Chemist: 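Have a look at this one.
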Amino acid sequence: MSEAAAANGSPSPAPTPEVPATELAQLALEDEPKVSFADQFKAFSKFGDSKSDGKLITLSQSDKWMKQAKVIDKKITTTDTGIHFKKFKAMKISLSDYNKFLDDLAKTKKVELSEIKQKLAVCGAPGVVSVSAGKAAAAVDRLTDTSKYTGSHKERFDASGKGKGIAGRRNVVDGSGYVSGYQHKDTYDNAH
């Protein structure tokens, strides 16, 4: 018993058992709201179509969804999805038809339907997949390295690589009377 508890005459609380970190992480995941397959269907059926009510999905929206969920790969291609989608003879299909479409696609390509639906349910909100900054940064660095510029382009930058502005883009007339490239300007003795 602690001194404060002994002074009040109340028993000390029982120690709480420590929960392992892995169980805490699992509990944290369970507390978050899970997005269902139907919710994702509604979100992706509205993606890119401001007039859509979320009840029908097009082939292109379906392909975007599958690409984001990484369902489309070497085993399942956009050609496969197009063939199976066109069996419904409609430009847009409902959720029940979409489930039939996925079932048919999974059977034909010998992939588990539950695996496809799981990937589609957890892929996140519809949006643009980010591009890797590594490749883009390397290309930009290479293209903006002024030390590699040749010809008239290298004249647009000073030795530190900073642009000269208008002086680097236009031939400014000197007006001194010397020819361009003359290195001994103003060295001629006035006595002559």
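Not measured: the values here are computed from a predicted model.
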Chemist: For residues 78-95, which residue pairs pass the salt bridge (Lys or Arg N to Asp or Glu O under 4.0 Å) check, not counting sequence neighbours?
Modeler: Asp49-Lys92, Asp80-Lys109, Lys87-Asp104
Chemist: Kindly check if the number of other-residue, nucleotide or ligand heavy atoms within 6.0 Å of NZ (Lys42) is above 12?
Modeler: no
Chemist: Run the side-chain hydrogen bond (donor to acceptor under 3.5 Å, both in side chains) test on Asn99 and Ser96 for me, step by step, so that the C-alpha distance in whole Å, both residues' side-chain angles and the decisive distance to 0.1 Å come before the verdict.
Modeler: CA-CA 5 Å; Asn99 282 323; Ser96 61; over 6 Å; no
Chemist: What distance separates Lys119 NZ from Met66 CE, expressed to the nearest 0.5 Å?
Modeler: 11.0 Å
Chemist: Asp53: what forms a side-chain contact (heavy atoms from CB on, under 4.5 Å) with it, not counting sequence neighbours?
Modeler: Lys55
Chemist: Any chain of hydrophobic side-chain contacts (each under 4.5 Å) joining Ile72 to Ile83?
Modeler: no
Chemist: Go through the structure and list residues passing ring pair (Phe, Tyr, Trp, His ring centres under 6.0 Å) with Phe37, not counting sequence neighbours.
Modeler: Trp65
Chemist: At what distance, to the nearest 0.5 angstrom, does CD of Gln118 lie from CD of Glu115?
Modeler: 9.5 Å
Chemist: Restricting to non-hydrogen atoms, name the atom on Ser45 and the atom on Ser52 that form the minimum distance, rounded to 0.1 Å.
Modeler: O-OG, 3.0 Å
Chemist: For Thr78 and Asp63, does a side-chain donor sit closer than 3.5 Å to a side-chain acceptor?
Modeler: no
Chemist: Check the hydrophobic clustering (I, L, V, M, F, W, Y; side-chain heavy atoms under 4.5 Å; chains of links allowed) and say if Val111 and Val122 are grouped together.
Modeler: no
Chemist: Compare all side-chain heavy atoms of Ser62 with those of Tyr98 and state whether any distance is below 4.5 angstrom.
Modeler: yes
Chemist: Could you state the interatomic distance from CG (Leu59) to NZ (Lys64), rounded to the nearest 0.5 Å?
Modeler: 11.0 Å
Chemist: Nearest heavy-atom pair of Phe85 and Met91: which atoms, and what distance?
Modeler: CE2-O, 3.7 Å
Chemist: Taking the side chain as everything from C-beta on, heavy atoms only, tell me whether Cys123 gets closer than 4.5 Å to Phe44.
Modeler: yes
Chemist: May I ask you to say whether Lys100 pairs ionically with Asp97, meaning some side-chain N is under 4.0 Å from a carboxylate O?
Modeler: yes
Chemist: How long is the span from the CD1 atom in Ile57 to the CD atom in Gln40, to the nearest 0.5 Å?
Modeler: 10.0 Å
Chemist: Distance check, rounded to the nearest 0.5 Å: Thr81 atom OG1 versus Lys67 atom NZ?
Modeler: 8.5 Å
Chemist: Considering only heavy atoms from C-beta outward, does the side chain of Ile116 approach that of Ile76 to under 4.5 Å?
Modeler: yes
Chemist: Is Leu95 reachable from Ile93 through a run of hydrophobic residues whose side-chain heavy atoms are each under 4.5 Å from the next?
Modeler: yes
Chemist: For the CG atom of Leu102 and the CG atom of Leu120, what is their distance to the nearest 0.5 Å?
Modeler: 6.0 Å
